[in-house]
Structures are given as structure tokens and as C-alpha cells.
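Contents: one structure, followed by commentary.
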Amino acid sequence: MKMVTQGKNEKQKYPEIRLSVNVDHVASLREARKEKEPDPVHAAVLAKIGGADGITVHLRKDRRHIKERDVKMIKEAVDLPLTVEMGLFEDILDFVLEVKPAKVTLVPERQGEVTTEGGMDLKPEGTKNEVEKFAKALQEKGIKVGAFIDADEKSVQIANEIGLDFVEINTTQYAKNPQNFKIVKKIEEVAKYASEKGLEVMAGHALSVANVSKIAQIIYIEELSIGFSIVARAVFVGFERAVREMKDEMMRARFLAISSLDNFKIS
Ligand code: PXP
């Protein structure tokens with residue numbers, strides 16, 4: 001982790017930004033023909049070569065892209081932290097407890113949705129109790145647990161009460177309106193709030209090379225989860241290069257943000 005010194009003796013840690021590459025849509029392409037290729041395991045290997053810091057997969061209830069076999073093989077074959085996204089389903093919980101990925105991101109999952117539609121409702125009248133139960137079971141196995149949340153402080157507060165390890169802030173609204181300063185500001189405020197509460201802060205959904213910069217400049221965000229735009233670009237330029245382009249853009253943006261701080265020095 002790089003350190004940034006601010007002021008005279010005050011040392012503030014700003015982590016480098018990590019990229020976890022979501023390979024779901026490599027499996028979507030495979031499932032379009034129910035063939036063996038393209039294999040998301042191969043994509044995960046190439047993602048590592050391209051500079052990925054982690055791999056993410058979403059094991060959906062309908063198994064429409066990623067299957068149990070993919071999760072197990074990626075965990076075996078690729079020496080990077082694996083994040084499994086999952087809805088609150090007992091059978092998937094049992095499987096994930098066996099595989100023991102590094103992290104689990106709990107997400108809302110509506111049957112028939114094209115992609116994740118929003119953050120978890122962590123309020124007591126929403127999914128708080130269930131999230132707490134799932135989190136406990138996973139954390140007991142040494143798995144870090146977080147929730148996908150919309151950019152609001154209340155969700156962070158509840159995530160913290162439950163004892164989650166991280167939150168992943170939904171960037172969809174931003175991606176639809178990348179010029180809207182208010183949305184970026186809100187994501188930054190919520191990321192800062194979560195970070196001050198001691199939660200690790202991730203972000204993602206609908207990010208691309210074209211819009212990632214403003215999110216990567218938010219210094220409280222430690223990791224981005226990006227899939228679709230990387231897979232889409234990989235069709236034309238190859239997987240390794242698509243990952244590299246994304247990582248380079250994220251690093252450029254983060255360096256820009258850190259270097260604009262007063263008296264910065266990287267040691
Ligand atoms: N974060 C979460 C919670 C998601 O469900 C997804 C999509 O699987 C992503 C991030 C990645 O989104 P995208 O594929 O649009 O980059």
C-alpha cells in the first residue's frame with residue numbers, strides 16, 4: 001500500500017485502487033451456444049496477465065452464465081482474490097461456504113432482471129436480518145462480506161451495524177449521467193463516510209474506460225468491480241489488452257487525484 005504524507009507529521013493512508021474483473025459475460029457468450037468456449041476460466045487467467053487485482057463472478061439463481069464449475073475452477077486456477085456476488089439464496093450460500101472465496105458481495109437479485117438493478121435494501125423492514133445471517137455464516141469461514149448499496153449514508157450505517165467488512169457503491173446512476181457533478185459528489189461523500197466507519201469501500205456497475213476516471217479519482221474507493229465493458233471491448237482487442245486499458249485508466253486517474261493533494265509524497 002502506498003502512503004501519502006499530508007502536512008508536517010500527519011500521515012494519511014490512501015490505498016492504490018484495485019480492479020476486480022467480472023468475467024460473467026464471457027460465460028454469457030458460452031451459454032449463447034451451450035458450448036465449452038469461451039471459458040471464463042481462461043478470461044480470468046488473461047485478466048491476471050492484464051493487471052487485474054481480483055476476479056469477480058455472480059453465481060445467479062438461474063445459473064444463466066456462471067456455473068458452480070466456473071467458480072471452483074477460477075478459485076483453483078487463478079491466484080487472485082475471488083469475489084462471488086450472490087443473492088440471498090440458501091443453496092448458493094451452502095456452495096459458497098464450501099468454495100471459500102476471498103469475498104462475497106451480497107446483491108439483490110430479481111428473477112428476469114437483465115443485470116443487478118440497484119443496491120440492497122438493508123433497512124430492518126428490508127433484508128437487514130437476512131443479510132446479517134448470511135454475513136455471519138460467511139465470516140465464520142473467514143470470507144469477507146459486503147453489500148452492494150446505493151450511494152446513501154443510511155445503508156452504510158446499517159452495513160456497519162451488521163458488521164459487514166465492505167460496501168460496494170452502485171455507480172449506475174453516475175454512468176448514465178457522467179457529467180452530473182452532484183452524483184459524483186454524493187458517491188464521494190458516501191465513500192468517505194464508509195471509509196471513516198472502517199468499512200472497505202468498493203464501487204462498480206456500468207463503468208467503462210470512458211467514464212471510470214471520476215470514480216477512480218475518489219480516493220476513499222479501494223476497488224472497482226468491472227465486467228461488461230471489459231468483455232465488450234475484449235471481443236475486438238483481446239481480453240488482456242481490454243483489462244490493461246481499464247487498469248491504466250484507473251491508475252492514471254488515481255495518481256492525478258493523489259498528486260493534487262497538498263504536500264503529497266509517495267513513499
Ligand atoms: N457490481 C455488481 C454488484 C454487479 O452486479 C455487477 C454486474 O454483475 C458489477 C458490479 C459489474 O457491472 P458491469 O458488468 O456493468 O461492469
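Position 1 is the first residue of the sequence, and the numbers go up from there. Counting starts at 1 for both ligands and their atoms, in listed order.
In summary, of the residues considered (V107, L59, L106), a side-chain contact (heavy atoms from CB on, under 4.5 Å) with M86 occurs for L106 alone.
Residue-level proximity to ligand 1 for D24 is carried by the side chain, the only part with a heavy atom below 4.0 angstrom.
Of all protein heavy atoms, the one closest to atom 7 (C) of ligand 1 is H205 CD2, 3.6 Å. Of all protein heavy atoms, the one lying nearest to atom 5 (O) of ligand 1 is T116 OG1, 2.5 Å. Scanning the protein heavy atoms around atom 16 (O) of ligand 1, the nearest turns out to be G227 N, 2.8 Å. The protein atom (non-hydrogen) at minimum distance from atom 11 (C) of ligand 1 is S225 O, 3.7 Å. Nearest protein neighbour of atom 15 (O) of ligand 1, counting heavy atoms only, is A206 N, 2.8 Å.
Of the polar atoms of G204, none of the N or O atoms is found under 3.5 Å from an N or O of ligand 1, judged by distance alone. For a threshold of 3.5 Å applied to N or O pairs, the pair formed by E85 and ligand 1 contains at least one separation below that value. On a distance-only criterion, E168 and ligand 1 share at least one N/O pair closer than 3.5 Å. Residue F228 places at least one N or O, backbone or side chain, under 3.5 Å from an N or O of ligand 1.
Using a 4.5 Å cut-off on side-chain heavy atoms (C-beta onward), P101 and V71 make no contact. You'll find the side chain of T116 reaches within 4.5 Å of the side chain of P108, heavy atoms only. Here the side chains of I215 and I187 are in contact, with some heavy-atom distance below 4.5 Å. V21 is not listed as a side-chain neighbour of I226, based on a closest heavy-atom distance of 4.5 Å or more.
Of the charged side-chain nitrogens involved, none lies within less than 4.0 Å of a carboxylate oxygen, so that E37 and R30 do not count as a salt-bridged pair. With respect to K103 and E168, no salt bridge is recorded, no charged nitrogen being found less than 4.0 Å from a carboxylate O.
Shown here is Q111, whose CD atom has no more than 12 heavy atoms of other residues, nucleotides or ligands within 6.0 Å.
Every atom of ligand 1 is numbered from 1 in the order shown, and the set under 4.0 Å from a heavy atom of V107 is 3 (C). With ligand atoms numbered from 1 in the order given, ligand 1 contributes 8 (O) to contacts under 4.0 Å with heavy atoms of N22.
Under a 4.0 angstrom heavy-atom cut-off, T105 registers as lying outside contact with ligand 1.
Between the side chains of T171 and H205, no donor-acceptor pair of N or O atoms lies under 3.5 Å.
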